[in-house]
Structures are given as structure tokens and as C-alpha cells.
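Notes for the one structure printed next.
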Amino acid sequence: MHAGRLAATAAMGAMLMAAAACGNSDGGETSAAPGASGASSAAPEGAKVGLAYDIGGRGDQSFNDAAAAGMDKAKTELKLGEVKELEAGSGETGAQKEQRLRLLAQSGFNPVIAVGFAYSEAIKKIATEFPDTKFAIVDDAAQGPNISNLVFAENEGSFLVGAAAALKSEKGHIGFVGGVQVPLIKKFEAGYAAGAKAVKPDIKIDVKYLSQPPDFGGFNDPAKGKTAAEGMYDAGADIVYQAAGGSGGGVFEAAKAAKAKAIGVDSDQALTADESVRDVIMTSMLKKVDVAVFDFLKSFSENTVKAGPTVYDLKAGGVDYSTTGDQVGDIKSKLDEYKDKIISGEIKVPTE
């Protein structure tokens, strides 16, 4: 994990203009598949793709890394040209987010992908300034004729790991650590609580958010994540689910010290977290940002990009739970029963 650092505007401009490549609230009812609208002629090869990360950037072992994985796959499998990746800094302003997107578009990067709801206002403004550039935003429904929204049913995936926590908890006491208390992360909490209570209605669930907006530092503060989880384990919880970005590493450290269990988020963190804590990660709520980013870039390469939301839910395979380490193998059949009921509509998972 590393903290995001925002370069000075002038330095960013110079970097973006350099010739050297750097390779590296949902709405709507569209299913998770590339749209088929747009011109029929093929898009030019060698598209220059700009990727603006949320706080933590590539290397956060979670949300941003999932987006990076989708970009890496597209770089390999599609005929992309230069790829430029920039990341957000802690405590930055909306104007700085706007400038990051503007510099990418000004420098000829098309499409431009913004990773995270924090870019909502910035992308709406910049997309109007560059109507011929295709933009995509992960986790937000910001509207515009050239904005594609890659959104997820985080509540559905979280229901499954909540059920897993209740089925595996020996104390009937679990926890949830959210990075920042915003509607998006409340969706994770709501689904988690619903899944746990579906299994054990009287289960105790501790909840802690690491920061309140406009402070988004809760997504990149492992020390604060560790302290929050320590409090829950000390109070009797034996499993804690974190939806806290880079802060999640601290939750895993606390689980290790307490000889307890934790649940990862976004990526399969039993594969991506520090090796010293992977054994405490019982399962992870998989949010397939990599699939969404790849799908968007594929649709761009095929000139079939559509504006508006594409929703990645359980039915579309956009969210799920992981089985790495086989710590939920004994309850997999039960979890899959819940999954089938959600997909069929028998279970309606709340979002708040």
C-alpha cells in the first residue's frame, strides 16, 4: 500500500505532454454487457487511455488494483496505445480532480476512466468541456452524453459474506469497518447486516467508519483501520468485514493479532494482501471492477460505447464471494442457495 501523492499541476502537465508512454449510486436497468449503440465504423487502433485512480492508487491491494487489473488485461489483449495512470492525493480539492481529468483529455487521452465516486462532480464538468472524449466512472451515476457509468450491486455481494460471517462466527458477534461514511459504503454495510441476520436474526454487529466526508482519508489509513478492528475483537467479535480500501490492511493485522478472522473486499484479498495476513482472510466480497474496466475498453475498441449505467450485479456475475483458502468450503452450498434466491428475486437485498 502506498499513500496517493498529488503532483503539482505544472509537473503533471509536463508529464502528460511527454512523449514517453507509461505502460502499465447506481441507476438504470442496463445489464452488464457492452452496449451496442454508437457509430458502426471501427474505432482507431492504438487508443490512448487515461486512468485516474482514487486515493491509494495502484498498489492498494483492493479497489484501485482491481481497476488496474482490468487495464492491464486490456493493454495485453486489445490494441491499446499509450496508457497514463494518475492517482489522487489525500485531502485534495474537487478542482484538483477536475485538473487531473482535464489534463488527460487535453493531452489526447481517449477514453478517460475515473476510478471512484469522488470524481462525480469533476467528471460531469470535464465531460462537457470535451464532448468528443469518452469518459467512464466507476461507482457513480454522473450523467452526460459521453459518460459511461460502471456501477455494482455491492449490497448483494455483501449479503453473501454477511451470511458467511454469521455461519462461521462462534460468538454470534461480528463487525464491519467502513472507510468513509458515504451512501456507497453504506450499501456494503446494509447488505452485510442483511445477510448475517438472515442466518442469525439476533447476531451482534459492531459498525465503525474511519472518516466522514469530505475527509476521504479513511480509505488509506491502515493504522486507523487496525485500531477500529482491534476495538471490535477486544469487545468479542470474531469476524470483521472491511470495506475500507487501503485501510483494510490494518484490519487484517488486527485479526492476525487477535487470532480471529476477517473478510476482504473488492479483490480476492487472500491472494493480494500481505502474505503474513492472508490466512486470516476467510473470504472476500468480490467486486469485479477489473471486468467492468475491461468491458468498457473493449466496447471502446469496438466503437460500441454507450452512455449511462451498466449494472454489475450477482446475476451478471459482477459481484460474488471468494473461496481461496477453502475456509468457507463447508458452507458453500448454503451461500450458493442464498445467491440463487437473490438472483431469482426471492430475496431483495436492501441498499441502506
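Not measured: the values here are computed from a predicted model. Just the heavy atoms: all of them, side chains too, but no hydrogens, waters or symmetry mates, feed the values below.
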Taking every non-hydrogen atom, the tightest pair across Leu297 and Pro111 = CD2-CG, 3.7 Å
Do Asp140 and Ser120 pass the side chain to side chain donor-acceptor pair (under 3.5 Å) test, and can you show the C-alpha distance, the side-chain angles, and the key distance before you say yes or no?
-> CA-CA 6 Å; Asp140 190 79; Ser120 181; 2.8 Å; yes
Verdict with reasoning, Ile342 to Leu160, per side-chain contact (heavy atoms from CB on, under 4.5 Å) | CA-CA 10 Å; Ile342 294 170; Leu160 298 178; 4.3 Å; yes
Roughly how far apart are Phe135 CZ and Thr133 OG1, rounded to 0.5 Å?
-> 5.0 Å
Can you check whether Phe300's main-chain N or O pairs, donor with acceptor, with Thr304's side chain at less than 3.5 Å?
-> no
Under the criterion side-chain contact (heavy atoms from CB on, under 4.5 Å), which of Met71, Lys73, Lys288, Lys75 is the partner of Phe294?
-> Lys73
Which atom pairs, donor and acceptor, lie under 3.5 Å between side-chain atoms of residues 323-330 and protein residues at least two apart or in another chain?
residue, atom, partner, partner atom, Å
Thr324, OG1, Asp268, OD2, 2.4
Gln327, OE1, Lys261, NZ, 2.8
Gln327, NE2, Asp279, O, 2.9
Asp330, OD1, Lys168, NZ, 3.0
Asp330, OD2, Lys168, NZ, 3.1

May I have the step-by-step check of side-chain contact (heavy atoms from CB on, under 4.5 Å) for Leu86 and Tyr53, ending in yes or no?
-> CA-CA 6 Å; Leu86 299 175; Tyr53 289 117; over 6 Å; no
Can you find a pair of side-chain heavy atoms, one from Lys334 and one from Leu167, that are under 4.5 Å apart?
-> yes
Are Gln181 and Lys186 side-chain neighbours, meaning at least one heavy-atom pair lies under 4.5 Å?
-> yes
Taking every heavy atom of Gly175 against every heavy atom of Ala237, the minimum-distance pair comes out as N-CB, 4.3 Å
Got a donor-acceptor contact below 3.5 angstrom from the Glu92 side chain to the Gly89 backbone?
-> yes
State whether Glu337 and Lys341 are salt-bridged, where the test is any N-O pair (Lys NZ or Arg NE/NH1/NH2 against Asp/Glu carboxylate O) under 4.0 Å.
-> no
In terms of hydrophobic clusters joined by side-chain contacts under 4.5 Å, are Leu51 and Leu150 together?
-> yes
To the nearest 0.5 angstrom, please state how far the CG atom of Leu104 sits from the CZ atom of Phe130.
-> 10.0 Å
Test ring-ring contact (aromatic ring centres under 6.0 Å, His included) applied to Tyr192 and Phe159, Tyr321, Tyr241, the passing residue = Tyr241
Under 3.5 Å: donor-acceptor pair, side chain of Lys48, backbone of Ser107 | yes
Common cluster, Val177/Tyr209, ILVMFWY with side-chain heavy-atom separation under 4.5 Å | no
Students should find that the hydrophobic cluster of Phe252, defined by side-chain heavy atoms under 4.5 Å apart, otherwise consists of Val277, Val280, Ile281
Drop me the distance from Glu156's CD to Ile343's CD1, to the nearest 0.5 angstrom.
-> 8.0 Å
Trace of the side-chain contact (heavy atoms from CB on, under 4.5 Å) decision for Ser148 with Val305 | CA-CA 8 Å; Ser148 300; Val305 169; 3.5 Å; yes
Main-chain N/O of Asp340 paired with Ser344 side-chain donor or acceptor, under 3.5 Å | yes
Side-chain contact test, heavy atoms from C-beta onward, threshold under 4.5 Å: evaluate it for Ile123 versus Glu98 and give yes or no.
-> no
Any chance NZ of Lys197 has more than 12 other-residue heavy atoms, nucleotides or ligands included, within less than 6.0 Å?
-> no
Where do Asn146 and Ala127 come nearest, in terms of heavy atoms and distance?
-> ND2-O, 3.1 Å
Can you see which heavy atom on Val251 is nearest to which on Ala262, and at what distance?
-> CG1-CB, 4.4 Å
Where the side chain of Glu302 meets the backbone of Ser299, is there a donor-acceptor pair that is under 3.5 Å apart?
-> no
Lys/Arg-Asp/Glu bridge criterion (N-O < 4.0 Å) met for Asp274, Arg278 | no
Residue pair Ile239 / Met282, side-chain heavy-atom distance below 4.5 Å = yes
Quick one: does Ser301's side chain have a donor or acceptor within less than 3.5 Å of a partner on Lys298's backbone?
-> yes
Between Lys187 and Phe152, is there a donor-acceptor pair closer than 3.5 Å when you use the side chain of the first and the backbone of the second?
-> yes
So, for Ser267 and Ser284, which heavy atoms are closest and what is the spacing to 0.1 Å?
-> O-CB, 3.3 Å
If you group Ile, Leu, Val, Met, Phe, Trp and Tyr by side-chain heavy-atom gaps below 4.5 Å, do Val293 and Leu80 land in one group?
-> yes
For Glu129 and Gln106, does a side-chain donor sit closer than 3.5 Å to a side-chain acceptor?
-> no
Decide yes or no on side-chain contact (heavy atoms from CB on, under 4.5 Å) for Ile147 and Ile137, but give the supporting numbers first.
-> CA-CA 7 Å; Ile147 301 175; Ile137 183 168; 4.1 Å; yes
Does any non-hydrogen side-chain atom of Phe117 lie less than 4.5 Å from one of Phe216?
-> yes
Given Lys287, which of Asp320, Asp139, Asp65 fulfils the salt bridge (Lys or Arg N to Asp or Glu O under 4.0 Å) condition?
-> Asp139
Scanning both residues in full, the closest heavy-atom pair of Ala190 with Glu352 reads CB-N, 3.5 Å
Side-chain heavy atoms of Glu82 within contact of Phe109, under 4.5 Å = yes
Any residue meeting side chain to side chain donor-acceptor pair (under 3.5 Å) with Glu230, in chain and number order, not counting sequence neighbours = none
Can you find a heavy atom in the side chain of Asp238 that is under 4.5 Å from one in the side chain of Tyr233?
-> no
Would you please test Gln269 and Gln242 for side chain to side chain donor-acceptor pair (under 3.5 Å) and show each step?
-> CA-CA 11 Å; Gln269 294 196 282; Gln242 62 85 13; 2.7 Å; yes
Can you tell me if Asn149 uses its side chain to pair, donor with acceptor, with the backbone of Ala136 under 3.5 Å?
-> no
Is Phe188 reachable from Val240 through a run of I, L, V, M, F, W or Y residues, each pair having side-chain heavy atoms under 4.5 Å apart?
-> no
Any sub-3.5 Å donor-acceptor pair from Ser247's side-chain atoms to Asp221's backbone N or O?
-> yes
Could you check if a side-chain atom of Phe219 sits within less than 4.5 angstrom of a side-chain atom of Ile185, using non-hydrogen atoms only?
-> yes
CG of Asp202 to NZ of Lys204: how many Å apart, nearest 0.5 Å?
-> 12.0 Å
Say you draw a straight line from CD of Glu275 to CG of Leu271; how long is it, rounded to the nearest 0.5 Å?
-> 10.5 Å
Can you check side chain to side chain donor-acceptor pair (under 3.5 Å) on Asp295 and Tyr312, steps first, answer last?
-> CA-CA 11 Å; Asp295 284 355; Tyr312 290 81; 3.1 Å; yes
Is there a donor-acceptor contact under 3.5 Å from the side chain of Ser62 to the main chain of Gly245?
-> no
Is Arg58 salt-bridged to Glu85, going by a charged N under 4.0 Å from an acidic O?
-> yes
Leu286 reachable from Val319 in the ILVMFWY side-chain graph, under 4.5 Å edges | no
